[in-house]
Amino acid sequence: MFTELMPLLAGRTVLITVARVDDKTLRVNIVPAQAKADENPALATPLTYTGSPEELDAELGKHLASYVQVHQQTASSLAEAKASMEAAAKAAQEEARRKAEERKKATQKAPDKSVPTVPAEPASTSVGTATPTEAASTPASGSAPGLFGTNAPEPASTQPKGGLAL
């Protein structure tokens with residue numbers, strides 16, 4: 001029985017209690033103590049066997065060996081899960097940090113888009129011809145109504161009639 005407990009005793013204290021249930025039955029409790037305060041409580045799950053003294057003599061060693069093996073597998077699985085979760089969290093933090101740096105670099109390299117740049121149009125030197133912008137904004141006489149159906153009044157004539165300009 002104690003040979004089977006040795007791997008469990010390597011990292012923690014184990015409390016064993018034996019109680020008499022009735023004239024022919026005993027109850028054996030094996031309670032591993034937590035090795036660290038932050039250790040998973042599953043590793044301190046007690047084991048209880050109830051049976052006659054002869055049954056306990058014959059079977060308790062096999063059951064203890066199985067319990068210790070499962071306990072060690074559980075501890076190993078918990079350690080692996082914890083390590084993989086920590087690695088995943090670290091990878092996620094690194095990815096977030098990398099993306100933040102890329103965004104920061106992209107905003108620093110991008111030109112200021114708030115002030116639009118409009119290329120200068122050459123001044124018109126001929127009289128009576130309009131630039132493409134003026135042609136689009138000034139409807140020709142007798143043409144269809146503007147975009148919203150409103151007719152803009154025609155500009156006043158700049159040629160003198162009589163002696164006064166209207």
Side-chain angles (χ1 to χ4, degrees), residues 1-122 131-139 144-152:
M1 175 172 116
F2 292 103
T3 308
E4 290 84 0
L5 280 174
M6 284 306 287
L8 187 61
L9 289 167
R12 68 187 68 246
T13 302
V14 177
L15 177 65
I16 300 173
T17 60
V18 180
R20 186 174 175 177
V21 176
D22 58 33
D23 289 342
K24 296 182 181 180
T25 309
L26 297 175
R27 178 174 295 127
V28 177
N29 295 311
I30 298 150
V31 184
Q34 280 188 315
K36 300 178 223 162
D38 64 341
E39 183 179 59
N40 192 309
L43 297 175
T45 302
L47 175 68
T48 300
Y49 288 105
T50 304
S52 68
E54 294 81 21
E55 290 172 332
L56 291 172
D57 282 341
E59 300 292 322
L60 187 58
K62 291 182 225 173
H63 292 292
L64 277 176
S66 174
Y67 174 76
V68 169
Q69 180 182 9
V70 169
H71 189 276
Q72 289 176 325
Q73 287 173 345
T74 302
S76 175
S77 296
L78 287 170
E80 288 174 13
K82 183 178 179 181
S84 67
M85 288 184 343
E86 288 172 353
K90 184 176 180 181
Q93 288 173 345
E94 289 295 323
E95 180 70 15
R97 188 177 303 125
R98 184 185 61 77
K99 285 183 178 180
E101 288 175 3
E102 286 177 2
R103 277 182 290 205
K104 184 178 177 183
K105 288 179 184 176
T107 57
Q108 288 175 350
K109 289 182 181 179
D112 186 13
K113 302 278 185 180
S114 63
V115 179
T117 56
V118 178
E121 294 183 14
T131 64
T133 308
E134 291 172 337
S137 65
T138 308
L147 181 63
F148 297 100
T150 59
N151 286 329

Checking [X] now: which residues fulfil salt bridge (Lys or Arg N to Asp or Glu O under 4.0 Å) with it, not counting sequence neighbours?
{"X": "Lys99", "result": "Glu95"}
{"X": "Arg12", "result": "Glu39"}
{"X": "Asp22", "result": "none"}
{"X": "Glu59", "result": "Lys62"}

Pairing residues for [X] by the side-chain contact (heavy atoms from CB on, under 4.5 Å) criterion, not counting sequence neighbours:
{"X": "Pro53", "value": "Leu26"}
{"X": "Thr17", "value": "Leu15, Asn29"}
{"X": "Thr3", "value": "none"}

Task: Pair Glu94 + Lys90: basic N to acidic O under 4.0 Å - done: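 Salt bridge: no.
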
Open item on the list: Tell me which pairs pass salt bridge (Lys or Arg N to Asp or Glu O under 4.0 Å) where either residue lies in residues 63-89, with sequence neighbours left out.
Closed with: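 Every pair satisfying salt bridge (Lys or Arg N to Asp or Glu O under 4.0 Å) with a residue in residues 63-89: there are none.
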
Task: Where at least one partner belongs to residues 25-35, residue pairs that pass salt bridge (Lys or Arg N to Asp or Glu O under 4.0 Å), sequence neighbours excluded - done: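 Matches after skipping sequence neighbours: none remain.
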
Task: Pairs meeting criterion ring-ring contact (aromatic ring centres under 6.0 Å, His included) with involvement of residues 20-56, two or more places apart - done: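 Qualifying pairs: Tyr49-His63.
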
Open item on the list: Which residues pass the ring pair (Phe, Tyr, Trp, His ring centres under 6.0 Å) test with Tyr67, not counting sequence neighbours?
Closed with: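 Counting only residues at least two positions away or on another chain, Tyr67 forms no ring pair (Phe, Tyr, Trp, His ring centres under 6.0 Å).
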
Task: side-chain hydrogen bond (donor to acceptor under 3.5 Å, both in side chains) against Asp57, all qualifying residues, sequence neighbours excluded - done: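 Result, side-chain hydrogen bond (donor to acceptor under 3.5 Å, both in side chains) vs Asp57: none returned.
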
